Structures are given as structure tokens and as C-alpha cells.
There are 2 protein chains.
Amino acid sequence: MAVIGQQSLYQDLKKALSGTGIIVAAGDQGLVEAASRPVDITMAGIMGAAGLRPTLAAVKLGNRVALANKECLVAAGSLFMREVDKYDTELLPVDSEHSAIFQALDDSSKRNIDKIILTASGGPFRTFSLQQLQHVTPAQALKHPNWSMGRKISIDSATMMNKGLELIEALYLFPVAAEQLDIVIHPQSIIHSMVSYIDGSVIAQMGAPDMRTPIAYSLSWPERLKTPVEQLDLAKIASLSFESPDETRFSAIKLARQAMLQGGNTPTIMNAANEIAVESFLDGKLAFLEISSFCERVIEAVQAQMGDKSPLSVEEVLEIDHSTRIMAQSSIIM
Amino acid sequence: MAVIGQQSLYQDLKKALSGTGIIVAAGDQGLVEAASRPVDITMAGIMGAAGLRPTLAAVKLGNRVALANKECLVAAGSLFMREVDKYDTELLPVDSEHSAIFQALDDSSKRNIDKIILTASGGPFRTFSLQQLQHVTPAQALKHPNWSMGRKISIDSATMMNKGLELIEALYLFPVAAEQLDIVIHPQSIIHSMVSYIDGSVIAQMGAPDMRTPIAYSLSWPERLKTPVEQLDLAKIASLSFESPDETRFSAIKLARQAMLQGGNTPTIMNAANEIAVESFLDGKLAFLEISSFCERVIEAVQAQMGDKSPLSVEEVLEIDHSTRIMAQSSIIM
């Protein structure tokens, strides 16, 4: 079955696949239908809020869901995890950081966690001063030093909002409190994240920055698949470096941490506001350093209208997401 | 029960403990008796060949043995592991490297190992030239950069024979072939060892160089104990470096690797020869660079006399150990 999200392209897809025997559908309902079919593993790779309903449909199958969509956890974390628990679904993270943490945990170790430490490359502007950050262009921000990624996630990596969103994801995925989540800058992106334990032990997952490893793991767990990924040669890499994140230059981390601590609908609003902010930055309508302060203002404005309560259903999540986008868009235009 | 190895000190110990109700014994038989008493966990911490019989006695209890003695694996690996299997004993390594590897493995991951990579600090002479190594003194060799250790193990660390012995231990402890065992120099001793998998993933165990962490783990596994060990702060450490081991300057690694591949009684002989070589170096009777070539000559001489077959009993191991020491000692005197 092949489904295209945009309803208007249904006829094109149907024509292109005619005679193949492949079932064709389109639109949100088509995506949910596809995700509801009995399967062994669902790879939830639809980006944005659009991935919410189909991924939840897959969760209800009670099989394995390999999760590459951020919104399920960032925008709808509580209700998403409630469904995962209810249907006893195997939720496997695909993000390299969360896959690393998953690999550094086992059933018994979960009781003995001191901290979860997410590594961050620091993005293309790690060494830039505040002054320099004022003038960075979309073209500069799209050049990530280690990973080859889409436009939205490249900008999130440059602002480090990406890492902020990952903190929130980690809070829902793993048995820790917000205070147990840390970030360390590690420019080489070789250590993908780690877990420190109460006995002083730290378990880290490392490897070349290549998404095929975490993708393979989400499919093969608890086994592993042979991949064509280059084996790590630390003597060749020679040095791994680490530094503390600077939340003054990269205020998105601070904002995301506040949103995580505040809870309720704040992460949902922040996530939608950030999407509009990134688009606006790419369109030249917002400066790089305005991205996170813009999100902050949007959160305030939206909560002034609809309060800050946790969304209790997907409908409520989508309603918050939708309203936030409208308010954010209109404030960009004005 | 308290046992002193040296038979001649039995009366002194008995006097010192009189009135305490503690049972007192001495000598090899006393050690075996103590190790045979029903316990939950035996910490096998007797150094050298003297640890062999008591540790095997503990193995036969079929409970947990936390292993800090090297000889059980290096000198008697095959027969020791046969007993561990036979009695279904939980064998927990205490060495920081092997504890790290143990922590980087789980039941399912064992089938998917690419390599086991032992880290080595490189010892106090890591950056010395061959020329400089010719003149190093016992005092220089006893100063280890990261770990506070006994004299014998400090010299083994300086020659890197220590790492060679650890290769052999790893071969018996973990489900890998000799070709899957690698060494990487990592001067900071923060990563204690790692396991690389077929999917490109590497799991590493890290921490401050503090033996309390692996000791605690050998007692608490599969749980962890809260220890007073300082939590790792990678941003403070700032940099971890790696290089390939140089088997020209540190020929003991090469020798140990050969012994491991050759098998039979070679590791048993090498281990005993090395003990005499280290003593002789500390006594000023052997130059630093002669340690490993001396061991090589002793292996040849002993095998010319008694062949190279694997010892089949503890008696045979002790006989090989004893004969080697006598031949090695006499060749030092001559």
C-alpha cells in the first residue's frame, strides 16, 4: 500500500502505480489506514504533526514502532506514552541520541541511573560569538559539520533547539526526571549519548555519524544487523573533545528546558512556534538570534488565550498546534 | 575465618585474633578451606599462582566469584573456564577493562560482536623513544600516570605486558576469537574498554580511574551500588585521545599476542617468566627492554624441555609455573 499525504496528488500516484497491484490512498485518513494494517514493525518516519495520528494508529497494533517522528513525544508526550503503555507496544527510538541511550540501558540498570547525558555537536556556529550570530545566513546555518540532514533539522541543530527537543523526548522515553537530563557539547559526534550510573560508571554508545546504525538497531533489537557502516577507528580519529553548552548564545536550550519543566501544553506550543520561526528564518523574515525569543513570545501569547493545560487527545494537540501556527504566522506578517 | 598464606605466621595471627571467635588457619590448605565455605560471593583477590587453588575451590560452590586474580585465566584459562561452566558459576571480572567489557555486553549482543577493544593508558613511558627506554629505572617505571597500583602490576603497565595478559584473560572471559581482540592507547584512562558490534555500534564503559566502581559492580550485578566515586564530568576533562599501540617499543604486547595464538602452555610459561623478569628488573638485574626478550627465551627453553601441551590440571599448571620460575631464576643468576 502506498499513501501520499497530499490529497490533491492522489490521481498522480494512482496513475504512476497502475498495474502494480499496490493499493493507493491519500490524505490523513489514508495514512492512518496504512499505519493500521497488521505489520511486524512500523517505522514512523512522517515528519511533523502529520505523523501523530498514523503513529498512534501503529502504536495501537501493539507490535513494534520504530520512532523517527519527534512530535509524538515533544507535542503529545504524555498521551502518546499512555497509549504505548496501554497496548504494550515496543517503542524503539531511531534518533541517534535516543538510540544511544536505549543501548546504554537495560532492564535492571534503569533503577540505577544517575543522569542521562545527551551529546550535541554544537552545530555549525559552536564557536561563533553572539556578535557573529547576529548576522548568520540560512545558507551558513544549513551546513552541518557532521550529519547530512533536512533543512528544518539543520536549522534546529544550528540554534540547538534540536537538542532542546531531544531533552523533552528523552524525558518521555526514559525513566528519569527532568533534572537528570544533561547536555554536553561533543563536536566530533562520535559518542552519540550516554547514561551515568550511581556507581560512577558511564555507558556510552559510539560510532561513525551514520543513521544506518540506529535505524538498523530499531529493526533488529535485541539482535543486531550487519550494516555497511564503517567501523569506528578511534586511533585514526585521535581525539574526542567535550565542552559545556552555552545557553546564552544558544538560548533555545534554555527555552526548551523551561518548556520541559513547565510541561502542560508548553512543549506543544514551543514546537509549533519553532517550526514557523525556522521557516521565517529560511525566508529571510527573522534573524537567527530572534528564533528562540520569537518562540517565547508566541508561547506567552497562545497561553494567554488558551491556558497551559496538557492536551488530553490528539484533537487537542492538533488544535494547539494549529492555533499556534496561525498566531505565529500572523505575528511574522505584522 | 582468617587465613594467612605463610604457614610460619600462623601463631602470630592466632595470637592477634585470640578471643575474637574468628577461626584461624594458614597455608595453601587453609586458603582452600576458607574458599570452600558456603558463601554468596567470593572476591578472589589473592595475587599470583597462589590464588589458583582457592579460586577454583570457590568456583566449585557454584555461586558468584568476583575475579581479581589474573593467573586463573592467564595460566589456567581452559581448565578454569571448564570448571566455571561445569558448576554454572557466576564469574564477574573485577579488572577495570574486563568489567567494562562485561558492562558493554548483554546476552543477545554476544552473538553480534565485531571486536573487543581494550584500552591501555600506555603507562609512564608511552612517549619514550626506544633509546630512552634503554635507560629507564625501576623508580621511573613504578610511577603510573592514572592508577595507584602495586609494584608488579605497575611494571607490567610500563612494559604493557599488563595489556598482553588482559588480552588472554579477555579471550577466556568473552565469546570471541583471538583475532577479535584489539588494543587502543588512551592515555586518560576514562574509557575503560569497549565492544564494537557488526552494525557499526560501539558500546563503551567510562568513568574516573577508580577501582571502587568495578569492585562495586562485581558485587552488585545486575544491580548497581551507590559508590563515593566522583561522577565523570567530560566537559571538565575536555579531551580524550587515542593512538595505536607501538609493538616495537612495547614488544610485550606482541609476545603476549603470540602466546595467546599459540595457546597450550605458552601463556602459563610466559606469565611465570614475566614475574621473574619483573622482579629481576626491580632488583637491577635486568634492563627494562630485556624483560620481554627474556620471557621469550624462557618460553623456548621450558618448551624444549616439557613440550607445549595445555596443562590439564591445577597440579600441571603449578608444575609448569614452578619449573619456569626455576629455569628463569637460574638464567638470571648465570
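Order of the sequence lines fixes the chain letters, A, B, ..., with proteins taken first and strands second; residue numbering starts at 1 for each chain. Hydrogens, waters and symmetry mates are skipped; everything else that's a heavy atom, side chains included, is used. Small disclaimer: the values here were computed from a predicted structure and weren't measured.
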* Say you draw a straight line from CD1 of Ile198(B) to CG of Leu225(A); how long is it, rounded to the nearest 0.5 Å? -> 7.0 Å

* Asked: Roughly how far, to the nearest 0.5 Å, is the CD1 atom of Ile191(B) from the CG atom of Leu240(A)?
  -> 6.5 Å

* **Among Val229(B), Leu232(B), Thr213(B), residue most engaged with chain A (heavy-atom pairs, under 4.5 Å)** => Thr213(B)

* Show your working on side chain to side chain contact (heavy atoms under 4.5 Å, CB included) between Asp199(B) and Tyr217(A) and close with a plain yes or no. => CA-CA 8 Å; Asp199(B) 61 357; Tyr217(A) 194 71; 3.9 Å; yes

* To do: Give a yes or no on this: more than 12 heavy atoms of other residues, nucleotides or ligands lie within 6.0 Å of atom CE of Met47(A).
  => no

* Just by modelled atom types, is the Ser239(B) backbone N or O under 3.5 Å from a matching donor or acceptor in the Ser241(A) side chain? -> no

* Structure fact -> Highest number of heavy-atom pairs under 4.5 Å with chain B among Asp106(A), Ile185(A), Asp114(A) belongs to Asp114(A)

* Most heavy-atom pairs under 4.5 angstrom with chain A, which of Glu230(B), His186(B), Lys236(B), Glu223(B)? -> Glu223(B)

* Asked: About how many Å separate CG of Leu234(B) and CD of Glu243(A), when rounded to the nearest 0.5 Å?
  -> 12.0 Å

* Structure fact -> Looking only at Ser99(A), Ala216(A), Ser196(A), Ser201(A), the option with the highest number of non-hydrogen pairs under 4.5 Å against chain B is Ser201(A)

* To do: Heavy-atom distances under 4.5 Å only: say whether Arg111(B) touches chain A with side chain, backbone, both or neither.
  => side chain

* Asked: If you tally heavy-atom pairs under 4.5 Å against chain A, which of Gly200(B), Ser220(B), Gly207(B) wins?
  -> Gly200(B)

* Structure fact -> If you tally heavy-atom pairs under 4.5 Å between each of Ala100(A), Ala204(A), Pro228(A), Ala104(A) and chain B, the highest tally belongs to Ala204(A)

* Can you say whether Gln231(A) sits under 4.5 Å from chain B via the side chain, the backbone, both, or neither, judging by heavy atoms? -> side chain

